[in-house]
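The first residue in the sequence is number 1, and the count goes up from there. Atoms within each ligand, like the ligands themselves, are counted from 1 in listed order. The analysis underlying the following values was restricted to heavy atoms, covering all of them including side chains, and did not include hydrogens, waters or symmetry mates.
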Amino acid sequence: MQDTPQTLNDKAKESWRALQQHAADTANDHILDYFHRDPARVQSYSLSAAGLTLDYSKNRANSATLEKLVKLAEDAGMRKSIDAMFAGEPINHTEGRAVLHTALRSSSDTPVLVDGQDIKPEIRSALAQMEQFVSKVHRGEWLGYSGKPINDVVSIGIGGSYLGPRVAVEALRPYWQENIRCHFVSNVDGSDIAYTLENLNPETTLFIVQSKSFTTQETLANSMTAREWYLREGGSETGLSKHFVAVSSNVQRARDFGIDAENVFPMWDWVGGRYSLWSAIGLPIALQVGMKAFRELLAGAEAMDQHFKTAPLEQNMPVLMGMLGIWYHNFLGADSYVILPYDQTLENLPAHLQQVDMESNGKGVNRSGVGVDYATGPIIWGGAGTNGQHAYHQLLHQGTRWTPADFILPLKSHKPAGRHHAMLASNCFAQSQALMCGKSLEKARQELLDAGMSSERAGELAPHKVIPGNRPSNTLVMDEINPHTLGALIALYEQKVFVQGVIWNLNSFDQWGVELGKQLSDSILPMLLDTGASTDALDPSSAALVEKFRKANGSGS
Ligand code: G6Q
């Protein structure tokens with residue numbers, strides 16, 4: 001058995017030890033045995049909240065496992081931590097900030113205080129500003145420099161100022177407004193903006209510079225390029241204010257860029273980038289689907305928050321999902337987690353959740369700065385089904401590593417073409433079934449014999465067809481993907497990540513790990529632009545790479 005972590009509090013240490021013992025005791029259990037022993041397992045291992053239903057019966061967990069996991073959550077102070085977040089305590093202590101994306105989607109008038117000030121009025125006024133702007137654009141009253149209404153919206157932002165809005169815009173395609181098309185530019189790779197601008201008309205294009213800090217290299221470079229394009233293609237200086245708006249907490253910098261102060265939508269330091277789609281960073285969503293649908297997205301997230309805040313820990317969806325993840329990562333040895341939406345419009349959801357999870361819990365020291373002696377954030381990956389079945393699912397079924405999986409399926413399709421949706425669902429259900437049930441050597445051999453193969457050849461081939469099974473998964477279903485269920489779904493994962501951060505005693509809301517690369521790239525850039533610049537400060541490998549780049553591009557590239 002592994003050592004018990006020393007960096008947990010005493011009570012949590014005890015429940016951790018109990019789980020270590022339980023893992024040893026149940027090491028040979030099969031999920032299928034749990035179903036045999038408990039005929040009501042599907043009912044008791046299912047839970048509905050905020051329009052989502054979670055079937056967690058296909059997990060390697062029995063009632064004792066769940067009790068012990070919930071005990072660990074209690075002992076780690078889960079309830080207190082949840083209350084502290086919602087109350088606006090400065091739980092992002094390394095940056096001295098509260099964490100209040102939940103306030104952005106709260107419809108109640110109950111004040112939420114930051115430094116003694118109620119932030120609810122500011123939130124309402126930002127929503128009103130968005131509403132007014134969106135309605136002007138939609139009614140064709142927001143006119144470009146030549147008097148034409150806006151048709152194309154280009155959101156320029158990266159990381160948290162990009163992934164969430166993009167996922168929501170894509171997932172809510174059935175709700176798109178006519179005559180508006182949102183595009184996203186994030187990468188500093190010039191081809192991103194170049195290809196996006198290729199077919200756009202400056203007269204009818206609006207750029208939203210999305211940057212909480214207004215200092216992000218990629219976003220500033222892309223925004224400058226967009227501005228140059230606009231002017232080069234005939235846009236007027238005086239018309240700039242009609243074509244460039246910003247979402248930022250740094251109004252001065254946005255103004256220095258040339259954006260009118262009245263066209264800067266607010267952001268606050270109590271909203272983390274990866275949790276910001278609920279703020280004015282969601283402006284592209286609101287423009288694409290309308291303010292009513294945007295408010296419905298907030299309402300779905302609020303419904304999940306309410307559930308998270310009030311449901312007992314043992315019937316709490318984010319808590320259960322979070323604690324099952326802890327079970328796999330800290331007690332059964334899984335190192336990654338796969339998210340598999342069976343819905344093409346959710347294709348990029350795993351990328352957003354990857355950021356939410358890995359940037360939040362990819363940390364190696366606890367809240368006191370002490371190195372932890374347990375595994376923290378897993379590697380999150382995934383993609384849309386059924387596509388993945390023809391690619392990486394092979395490893396999920398037969399690889400030496402096993403990976404807990406979340407299957408996500410809307411029960412109804414917005415595009416019910418013939419049998420397509422039933423085919424999609426049958427694949428989704430078959431995958432979780434195959435992961436759990438597997439295929440024994442005997443069964444594989446028998447199938448080959450039944451197909452007419454010789455006994456010798458069947459014996460040779462059968463081991464290759466064995467599927468170990470006993471691989472766990474959750475299945476999350478909702479009636480359909482709509483603003484409400486999408487809001488609830490994203491909030492569910494945000495809160496799941498929070499739950500795990502509490503157990504690991506991390507600050508899930510800072511991201512110091514991304515700083516070093518930024519600093520180094522700032523020092524390398526001048527060496528690429530000026531062939532005379534010394535590379536002595538670099539390690540030999542990096543210096544040689546700089547040299548190669550210089551040779552390929554010459555100076556002044
Ligand atoms: C998210 C991160 C990060 C951030 C981007 C963009 O939580 O902090 O992904 O969102 O670096 O930052 P700006 O919005 O400040 O440009």
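Each of the following atoms of ligand 1 lies closer than 4.0 Å to a heavy atom of Q511: 7 (O), 8 (O). Atom numbering of ligand 1 starts at 1 in the shown order; those under 4.0 Å from a heavy atom of G159 are 9 (O). For ligand 1, the atoms lying closer than 4.0 Å to a non-hydrogen atom of I158 are 5 (C), 6 (C), 10 (O).
With ring centers used as reference points, F133 lies under 6.0 Å from F265. Checked against the 6.0 Å centroid threshold, W381 and Y337 do not count as a close aromatic pair. Taking the six-membered ring where the residue is Trp, the centroids of F207 and Y230 are separated by 6.0 Å or more.
By the 3.5 Å distance cut-off applied to N or O atoms, T219 is not counted among the residues near ligand 1.
Counting protein heavy atoms under 4.0 angstrom from atom 10 (O) of ligand 1 gives one or more.
Distances from ligand 1 to the non-hydrogen atoms of Q355 include at least one value under 4.0 Å.
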Next item on the list: Using the side chain to side chain contact (heavy atoms under 4.5 Å, CB included) rule, take D357 and Q355 through it: C-alpha gap first, then chi angles, then the decisive distance, then the call.
Entry: CA-CA 5 Å; D357 203 318; Q355 180 188 24; over 6 Å; no
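Residue nearest to atom 7 (O) of ligand 1, selected from K518, R274, Q217: R274 (by heavy-atom distance).
A salt bridge is absent between R274 and E494; no separation between the charged side-chain nitrogens and carboxylate oxygens falls under 4.0 Å.
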